[in-house]
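Everything below concerns the one structure shown next.
Worth knowing before you read on, the calculation uses all heavy atoms, side chains too, and leaves out hydrogens, waters and symmetry mates. All residue numbers refer to positions in the sequence shown, counting from 1.
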Amino acid sequence: MAKERVLIVEDEKIIALDLQRRLERFGYTICDTCSEGVDAIEKAKLHNPDIILMDIMLNGPMDGIEAAKIIKQELRLPVVFLTAYVDDRTLERAKTAEPYGYILKPFKERELYTAIDIALYKFNAELQIKKQERLFSAILHSVNDGLIAVDNDLMVLFLNPVASHMIGWTEEESRGKPIHQILSLIDSKTLNPILPDMLPQGDSSNKFRDVVMKGRLGQSYILDGAITKIHQAGNEVEGYVIAFRDVTELRKLSATVDYQTSHDKLTGLGNREDFSIKLQGLLEELVRYGGSHTLLQLDVDRFKIVNDTCGTMAGDELLRQVATYIQTLTQRNDIAARLGGDEFAVVLKDCVLENAMQVAQRLQEAVQNHKFVWQNNLFPITLSIGLVPLTSEDSDIHMVMAAADDACYIAKEEGGNRIRVFQRNEEKYILRRGQMEWVSKINQALETNKFRLWYQLIEPLRALPGIHPKLEILIRMEQDDGSIISPGAFIPSAERYGLISLIDRWVFENTIKAWTQLKGRNHELVNRLFSVNISGATILDETFIDFAIHITNQYGANPGNFCIEITETSAIQNLSFATRFIEKLKSHGFTFSLDDFGAGFSSFNYLKSLPVDYLKIDGSIVQNIDESLINFTMVESINSMGHVIGLKTIAEFVRNPSIIERLHRIGVDYAQGYAIAEPKPLPYNR
């Protein structure tokens with residue numbers, strides 16, 4: 001039975017008693033009765049009933065309609081009118097009180113019960129709806145996305161505060177206005193409005209990206225978002241919700257990061273990594289679709305003289321000026337880059353050799369006619385240029401780049417200020433490619449196991465937690481007569497002709513194999529951390545990660561016993577790849593050392609973003625700290641910054657006790673060099 005509490009407001013006592021009797025029989029509780037409007041308000045406040053049965057015509061100065069209005073406004077309680085009056089004027093007045101029922105006297109019991117039951121149900125349903133509305137309103141007003149609701153005619157129904165702030169219109173101002181009147185949504189690629197064309201036709205939302213929105217005051221935003229239908233109960237569409245997020249700063253940041261990682265900071269041209277990626281794409285297109293492009297490699301003649309005579313600032317300015325000429329005299333769709341040092345490269349797209357020669361000549365003339373002046377010093381500057389025609393037969397980027405380098409080298413070797421086209425069968429190129437003999441020797445050494453592992457000890461300079469002895473794995477090549485060839489003779493050729501990654505893999509696998517053998521013999525060297533060098537090319541080879549994990553698992557070695565060394569230059573030139581490479585292998589237990597720090601970019605900003613464990617200070621700085629205050633200060637600075645970042649420091653090329661003493665004074669963690677130990681063959685069975 002019902003337990004709801006009812007307040008009866010009736011000026012005829014007999015009717016009031018009859019109502020009370022009937023309602024109690026239905027199970028309702030009568031909390032009170034009264035006969036005047038003022039009393040009705042007071043008793044409603046006192047008892048807070050679930051429903052009020054209100055006669056319209058009451059004793060006193062206030063009738064039931066006025067009393068119901070006040071009760072609704074102040075107490076929000078449901079009222080059902082009981083009245084014998086059905087004239088239009090009374091009905092119109094009664095409507096203003098928004099009653100939940102209107103029962104005409106005389107009435108039947110069932111009518112009374114039904115009217116009260118429906119009124120209570122309707123009131124409770126409205127309470128739930130209002131609760132949901134408050135919840136949804138709180139959500140819509142607190143989300144970080146902008147929300148705009150429109151009807152089928154794209155008239156604005158609703159704005160949340162985020163949307164209102166962005167477009168410069170309040171919800172009240174914009175309600176009922178066409179959406180195009182309060183803002184514009186423009187596709188950044190086609191420059192066409194996205195409405196109404198992007199309104200969804202099916203049930204799923206239509207997502208948009210990089211849409212430009214202009215608001216009331218002319219402010220612009222770049223938006224990502226979606227448009228969703230608003231469905232009625234019968235699944236008919238009654239409007240749309242446009243949800244969007246301001247990605248303006250994100251796009252700017254992304255564009256900045258993309259630009260910084262793909263461009264040379266000094267000249268604004270593309271860097272080597274970006275150029276290689278784009279050149280590889282062009283070569284693949286040539287194989288598939290044919291065509292003709294020309295690759296130019298440019299080298300600034302006498303750049304070293306400017307750099308050595310006037311300093312690096314002068315050298316940097318000269319490179320910037322050369323880059324400006326390259327940008328001015330090439331087409332927008334050509335690909336230009338600074339490869340490093342004073343070397344530049346350009347791919348002239350859809351350009352045959354004859355036209356490419358003309359572009360190369362214009363570049364030479366422009367640079368030659370503009371004398372470089374620095375602090376009253378005048379330098380005649382010229383360019384050596386190598387050309388390589390690119391066709392569908394050229395698919396190996398390493399061979400293409402080597403050919404351009406050969407042609408440029410020949411131009412420079414012949415006195416500079418020359419343009420040379422690569423000719424595969426010309427004698428000077430054959431001579432230049434004497435290095436190719438090393439390709440055969442390297443391949444043979446890999447096939448016949450002629451490479452040898454050597455090592456050099458890396459000793460701690462102070463006893464601290466986490467400072468454990470190390471050694472660096474070195475590589476040598478053994479000739480048929482038993483003589484040993486140092487890596488300086490064959491590594492440059494391996495790097496030039498794309499064999500360095502094969503050598504890296506050989507060294508890595510044989511290091512793991514050697515460590516396993518030494519461990520089985522309880523050799524003292526296994527108490528040290530083995531450091532293995534890898535090249536920049538291997539950093540770009542994501543398959544090496546799986547290879548390294550597979551090899552350590554195959555030999556049952558613990559990755560925590562091995563440190564991988566990468567050079568500062570290769571890490572920074574391939575920063576995004578290097579970071580990902582390091583993080584993936586570190587997650588398996590390997591540690592990392594950044595080699596040759598101080599010889600290349602030497603940027604502590606880059607260093608902070610590389611998750612390495614050791615910082616190896618370049619030997620060219622360390623080897624003279626006992627003689628040069630500048631070098632001493634540089635090592636001290638690098639060591640201090642490395643420690644601040646949380647890295648352990650290693651000094652290489654330690655050639656005498658005097659340097660060791662100064663490294664002690666500075667606080668460097670490790671030392672490596674002939675004063676510590678000379679390189680030796682690693683004692684393992686090949």
Side-chain angles (χ1 to χ4, degrees), residues 2 4-20 22-23 26 28 30-134 137 151 155 157-158 171-172 175-176 232-234 238:
E4 286 83 356
R5 300 163 62 252
V6 182
L7 172 63
I8 298 173
V9 185
E10 171 60 59
D11 61 352
E12 294 186 23
K13 290 186 177 181
I14 294 175
I15 295 176
L17 289 171
D18 181 55
L19 279 172
Q20 181 173 347
R22 295 188 187 195
L23 292 176
F26 283 128
Y28 293 106
I30 308 304
C31 63
D32 212 336
T33 62
C34 62
S35 60
E36 294 187 2
V38 174
D39 288 344
I41 295 170
E42 293 303 318
K43 290 183 182 296
K45 291 179 179 178
L46 176 64
H47 298 293
N48 192 32
D50 296 304
I51 192 167
I52 300 172
L53 296 182
M54 179 83 71
D55 189 9
I56 290 179
M57 306 306 290
L58 298 173
N59 294 328
M62 182 184 295
D63 67 4
I65 294 175
E66 293 302 319
K69 286 182 180 179
I70 294 172
I71 289 171
K72 177 177 177 56
Q73 181 179 354
E74 295 185 4
L75 304 178
R76 305 193 191 295
L77 296 175
V79 174
V80 173
F81 283 136
L82 302 173
T83 182
Y85 296 92
V86 292
D87 60 280
D88 292 341
R89 183 172 178 277
T90 301
L91 285 172
E92 289 301 319
R93 286 188 62 232
K95 288 178 184 178
T96 61
E98 299 180 10
Y100 283 80
Y102 195 98
I103 304 176
L104 293 176
K105 301 175 185 177
F107 46 78
K108 297 178 181 179
E109 284 188 355
R110 179 52 60 181
E111 291 175 353
L112 177 63
Y113 173 76
T114 302
I116 294 174
D117 192 46
I118 291 174
L120 287 168
Y121 179 83
K122 181 180 177 183
F123 177 72
N124 289 326
E126 287 186 0
L127 287 179
Q128 291 299 317
I129 291 171
K130 289 177 180 177
K131 182 179 179 181
Q132 291 294 323
E133 287 177 347
R134 290 193 297 272
S137 177
D151 61 19
M155 298 294 185
L157 302 173
F158 167 81
E171 184 180 359
E172 291 75 17
R175 190 180 293 117
Q232 292 180 338
E238 62 178 356

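The two residues A97 and A68 make their nearest non-hydrogen contact at CB-CB, 3.9 Å. Between K43 and D32, the closest heavy-atom pair is NZ-OD2, 3.1 Å. The two atoms that bring I103 and A115 nearest to each other are CD1-CB, 3.2 Å, heavy atoms only. Of all non-hydrogen atoms in A40 and I71, the two that sit nearest each other are O-CD1, 4.2 Å. Heavy-atom minimum distance, A44 versus P49: O-CD, 3.6 Å.
Rounded to the nearest 0.5 angstrom, D55 CG and E36 CD are separated by 12.5 Å. The structure places CD1 of I52 at 12.0 Å from CD1 of I116, a figure rounded to the nearest 0.5 Å. Within the model, atoms CG of L53 and OG1 of T33 stand 11.5 Å from one another, a figure rounded to the nearest 0.5 Å. Interatomic distance, M62 CE to I41 CD1, rounded to the nearest 0.5 Å: 4.0 Å. I70 CD1 to K45 NZ: the interatomic distance, rounded to the nearest 0.5 Å, is 8.5 Å. Atom CG of L46 is separated from atom CG of D39 by 11.5 Å, given to the nearest 0.5 angstrom.
Side chains of I8 and Q20 form a contact here, defined as non-hydrogen atoms less than 4.5 Å apart. N48 is not listed as a side-chain neighbour of L75, based on a closest heavy-atom distance of 4.5 Å or more.
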Stepwise, does the side chain to side chain contact (heavy atoms under 4.5 Å, CB included) test hold for L19 with I30?
CA-CA 10 Å; L19 279 172; I30 308 304; over 6 Å; no
Should I65 and F81 be marked as a side chain to side chain contact (heavy atoms under 4.5 Å, CB included) after you check the CA-CA gap, both sets of side-chain angles, and the distance that decides it?
CA-CA 8 Å; I65 294 175; F81 283 136; 4.1 Å; yes
Candidate pair E4 and I51, rule side chain to side chain contact (heavy atoms under 4.5 Å, CB included), full reasoning:
CA-CA 8 Å; E4 286 83 356; I51 192 167; 5.5 Å; no
Between T90 and Y102, is the side chain to side chain contact (heavy atoms under 4.5 Å, CB included) condition met? List the steps.
CA-CA 11 Å; T90 301; Y102 195 98; 3.9 Å; yes
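Y113 and Y28 have tilted rings, their planes meeting at an angle from 30° to 60° on a 0 to 90° scale.
By the neighbour-count criterion of 12 heavy atoms within 6.0 Å, atom CZ of R175 is densely surrounded, having more than that number from other residues, nucleotides or ligands. Counting non-hydrogen atoms of neighbouring residues, nucleotides and ligands closer than 6.0 angstrom, the CD atom of E172 exceeds 12 such neighbours.
With salt bridges taken as basic N to acidic carboxylate O contacts below 4.0 Å, one links R93 and E66.
Checked by atom type and distance alone, the side chain of E10 pairs as donor or acceptor with a backbone atom of E12 at under 3.5 Å. Between the D50 side chain and the R5 main chain, a donor and an acceptor come within less than 3.5 Å of each other. Within the 3.5 Å criterion, the main-chain N or O of I14 finds no donor-acceptor partner in the side chain of D18.
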